[in-house]
Amino acid sequence: MKWGIKSSMEKFLPWFIPILLIGGWQFLSWTGAIPERILPAPSQIIQAGFDLTVTGELYDHMSISLWRALAGFLIGGIIGFLFGLLNGVFRFADLFFDTSIQMLRNIPHLALIPLVILWFGIGETSKIFLVALGVLFPVYINTYHGIKTVDKKLIEMGKAYGLRGKELFFHVILPGAMSSILVGIRFSLGVMWLTLIVAETISAQSGIGYMAMNAREFMQMDVIVLSIIIYALFGKLSDMIARYFEGRLLRWNN
Amino acid sequence: MKPFGQQGINVSMKKVEKNYEDREVLKGLDLQIREGEFVAIVGKSGCGKSTLLRLVAGLEKVNGGSIELDGGPLKGLNKQARMMFQDGRLLPWKRVIDNVRLGLPSHMKNKAIQALTQVGLKDRVEDYPSKLSGGQKQRVALARALVHDPALLLLDEPLGALDALTRLEMQALIESLWKQRKFTSILVTHDVEEAVVISDRVILIENGKVSLNQPIHLPRPRQRTNPAFSMYVDEILSRILNRKNNKNYSMVVNKESESLFNSINN
Ligand SMILES: Nc1ncnc2c1ncn2[C@@H]1O[C@H](COP(=O)(O)OP(=O)(O)O)[C@@H](O)[C@H]1O
Ligand SMILES: [Mg+2]
């Protein structure tokens with residue numbers, strides 16, 4: 001009995017402050033203490049979300065944003081992962097590529113936006129390119145580092161037990177690098193959303209960032225705040241998915 | 001390949017040299033081990049015991065001299081040998097059963113379960129290594145080594161990190177599996193008592209060479225309380241520590257004292 005109370009307390013307690021804040025916010029908006037043109041009430045934001053859902057606009061913007069995020073993430077993530085593996089495993093590739101990649105990594109990818117717009121215009125390519133570029137480096141660095149720091153003693157053991165090449169890679173090296181690779185992926189998810197927000201805000205004709213910028217022109221505060229909240233939810237969702245896979249892939253770790 | 005019916009293998013090291021950069025670790029080491037023999041190697045830390053095992057396992061190449069297995073030169077990885085390490089080296093991301101199956105053809109799962117049964121861990125096959133105690137991990141490592149039916153078992157301080165009671169248990173387990181399967185065995189240990197209790201012969205490595213080659217003539221199972229037992233231990237220890245307390249110190253126990261030991265023992 002006591003335990004039951006404790007566990008439901010544990011479930012509820014983290015939500016206490018958010019609920020209080022939103023309740024307080026709604027109350028203050030209602031009394032007029034928070035003017036509508038500074039911050040709309042939660043109920044107005046929900047209303048805006050509902051209206052945009054009915055017209056189908058919200059769905060269109062959300063799906064185009066998700067598509068850009070996913071495409072950029074996959075392209076950048078796969079390239080970063082493959083280079084990380086290649087340079088981590090093969091000494092020649094390491095010598096050949098690593099220094100150049102480390103140099104490129106020091107360029108803040110968002111600084112490339114003007115150049116990217118000139119290259120690709122403001123179409124899909126420019127946004128996917130920027131996201132891919134932002135995602136590539138954290139995935140690369142962590143994959144590379146993970147492979148380089150696999151316990152040498154385990155590799156020696158694997159060899160002593162007759163593992164070579166592909167077997168050694170899949171049984172020992174890749175699993176040994178996995179926790180570092182996953183750190184890279186989680187970090188890159190943050191970079192992915194950040195890059196997309198900036199790119200969509202500066203140069204786009206669709207997507208959540210565009211929806212926010214467009215709303216600014218018409219002073220639609222509720223839509224702006226809605227966009228921010230949607231980004232936050234996207235970020236939270238992708239982090240939860242990443243954590244889920246982390247839990248599954250690193251099950252042995254606890 | 002070993003002749004039919006032979007379970008162990010003869011190992012012959014002749015003038016083996018090994019250096020890392022300009023540090024000479026082994027400087028012309030000679031050592032012959034008969035098939036089925038249990039040899040213990042002792043020596044100060046850093047004297048090259050692990051290096052010797054890695055050479056015999058074929059994980060590294062000699063810089064000079066030769067290693068022969070049943071008369072044939074060792075080339076590349078020694079496929080007839082299996083090694084057990086002090087730190088176990090289980091793959092933490094594999095369940096116990098999959099650790100034991102490492103490098104084994106997939107249809108041989110039953111053999112892995114058999115091996116785990118032999119070391120008394122049949123009920124832990126599905127656990128991850130992080131759930132096991134130190135002693136249990138070493139049992140898994142032992143099962144993993146034995147599942148390949150090695151002709152040569154190389155043990156690199158496998159019990160060094162275990163508590164005293166678990167060690168005794170493991171020593172008995174290793175000895176009984178060795179008696180049963182008759183593989184050749186090389187045990188590196190820093191515990192002289194362990195060397196004397198389990199081996200046919202204790203080898204001391206000093207300055208890159210074998211400096212003591214001491215057969216242990218005590219009936220098995222050996223009793224630590226036996227005075228002859230402590231004499232062996234004392235002599236080997238004082239030899240390691242270079243205690244020149246004995247004037248005509250020939251540390252090799254001669255035939256007379258041997259029979260004396262045995263008469264005390266019986
Ligand atoms: N891979 C290596 N590279 C360089 N030096 C090594 C290497 N392996 C061992 N050594 C050196 O060789 C000597 C013997 O090491 P080792 O065989 O591990 O000693 P032991 O097992 O007897 O304690 C030590 O001085 C050690 O530093
Ligand atoms: Mg050692």
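Being a predicted model, the structure only gives us computed values, none of them experimental.
- Relative orientation of the A/Phe96 and A/Phe92 rings is parallel, given thresholds of 30° and 60° on the angle between their planes.
- No donor-acceptor pair closer than 3.5 Å links the side chain of A/Tyr144 to the backbone N or O of A/Gly80.
- With a threshold of 4.5 angstrom between heavy atoms, B/Arg95 approaches chain A through side-chain atoms but not through N, CA, C or O.
- In terms of non-hydrogen atom pairs under 4.5 Å with chain A, the most contact-rich of B/Ala145, B/Pro92, B/Gly103, B/Pro129 is B/Pro92.
- Between B/Asp149 and B/Lys111 there is a salt bridge, with a side-chain nitrogen of the basic residue lying less than 4.0 Å from a carboxylate oxygen of the acidic one.
- B/Leu90 touches chain A through its backbone: at least one of N, CA, C or O sits under 4.5 Å from a heavy atom, while the side chain does not.
- Annotation for B/Tyr20: atom OH counts as buried by contact number, over 12 foreign heavy atoms lying within 6.0 Å.
- Salt-bridge formation is not detected for the pair A/Asp94/A/Arg91: no Lys NZ or Arg NE/NH1/NH2 atom is positioned less than 4.0 Å from an Asp or Glu carboxylate oxygen.
- With a threshold of 4.5 angstrom between heavy atoms, B/Asp87 approaches chain A through side-chain atoms but not through N, CA, C or O.
- Among B/Asp127, B/Asp98, B/Leu102, the residue making the largest number of heavy-atom pairs under 4.5 Å with chain A is B/Leu102.
- A side-chain donor-acceptor contact under 3.5 Å links B/Arg139 to the backbone of B/Val119.
- The greatest number of non-hydrogen atom pairs below 4.5 Å with chain B, out of A/Leu249, A/Leu154, A/Leu250, is found for A/Leu154.
- If you measure heavy-atom distances from B/Lys79 to chain A, you find no contacts under 4.5 Å at all.
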